[in-house]
Amino acid sequence: KNQVEQSPQSLIILEGKNCTLQCNYTVSPFSNLRWYKQDTGRGPVSLTIMTFSENTKSNGRYTATLDADTKQSSLHITASQLSDSASYICVVLFSGGYNKLIFGAGTRLAVHP
Amino acid sequence: GAVVSQHPSWVICKSGTSVKIECRSLDFQATTMFWYRQFPKQSLMLMATSNEGSKATYEQGVEKDKFLINHASLTLSTLTVTSAHPEDSSFYICSARPNVDRGPANTGELFFGEGSRLTVL
């Protein structure tokens, strides 16, 4: 069954600290893996998109990694800011015959001063 | 970056009435748009794929007669919640896939609207 699981479900960190969010997936075959940031009551915004051949991609203080062999991805946030408080959603594009995005449940991050 | 606009951003209606939500791609054309609903503290659930000029494709368990989708142009898709009931209260989000890939080649980058919060009394 094609699934995307994220951990932790929620996380609280202090401003300025780093954190890493995890995404494990069983989607196969897949074309790419995306990380989105969703502020409360807003639509998701793309952070990174990685194809299966890419291992890492950065977007400012956000760095995503991908290990297609172990089917794991991580999103590392450096020097967190209060504005990083949001849900972070891992999404995998299933490409077996038809394209379909498989969404993870997200990690809710709260950055406290 | 590419912009997808949703309207209204929030709406309150009485039970039994119908509500229409618009999704517009402001600076690109999109043959394909998607509609999702999201309950509190949960991730997005795909409801249907909207295709310009043809019928929408609904996910299993989504009533097509309840959630009417019309994709009349390459920049506009609408979702109409018919005979709304309190259990239809949710956050509805659309996304659009540009006909010309704006991101890395062949990744099918999607751009999401800001969402529409529906409350049915």
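We name chains A, B, ... by the order of the sequence lines, and we start the count at 1 in each one.
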Taking side chain as everything from C-beta outward and backbone as N, CA, C, O, which of these in [X] sits under 4.5 Å from a heavy atom of chain A? Side chain, backbone, both or neither.
X: B:Q38; value: side chain
X: B:I93; value: side chain
X: B:Y36; value: side chain

Requested in this report: Check each atom of A:R42 against the heavy atoms of chain B and say whether the ones under 4.5 Å are side chain, backbone, both or neither.
Outcome: both
**Report entry** Engaged part of A:Q38 at the chain B interface, taking heavy atoms whose separation is under 4.5 Å
**Finding:** side chain
**Report entry** Donor-acceptor contact below 3.5 Å, side chain B:S43 vs main chain A:G104
**Finding:** yes
Verify the neighbour count for atom [atom1] of [X]: are there more than 12 heavy atoms of other residues, nucleotides or ligands below 6.0 Å?
X: B:E87; atom1: CD; answer: yes
X: B:H85; atom1: NE2; answer: yes
X: B:F39; atom1: CZ; answer: yes
X: B:E59; atom1: CD; answer: yes
X: A:K71; atom1: NZ; answer: yes

Query raised in the report: Should B:M33 and A:Y36 be regarded as members of a common hydrophobic cluster, given that ILVMFWY residues are connected when their side-chain heavy atoms come within less than 4.5 Å of each other, either directly or indirectly?
Result: no
Report task. Would you kindly confirm whether A:Y88 and A:M50 end up in one hydrophobic cluster when ILVMFWY residues are joined by side chain heavy atoms under 4.5 Å apart? Result -> yes
Requested in this report: Test A:L101 against B:L44 for side-chain contact (heavy atoms from CB on, under 4.5 Å), laying out the working first.
Outcome: CA-CA 11 Å; A:L101 290 177; B:L44 286 71; over 6 Å; no
Requested in this report: To the nearest 0.5 angstrom, please state how far the CD atom of B:E114 sits from the CG atom of A:D39.
Outcome: 8.5 Å
Requested in this report: Quick one: pull up CZ in B:F112 and OG in A:S46 and give me the separation to the nearest 0.5 Å.
Outcome: 8.5 Å
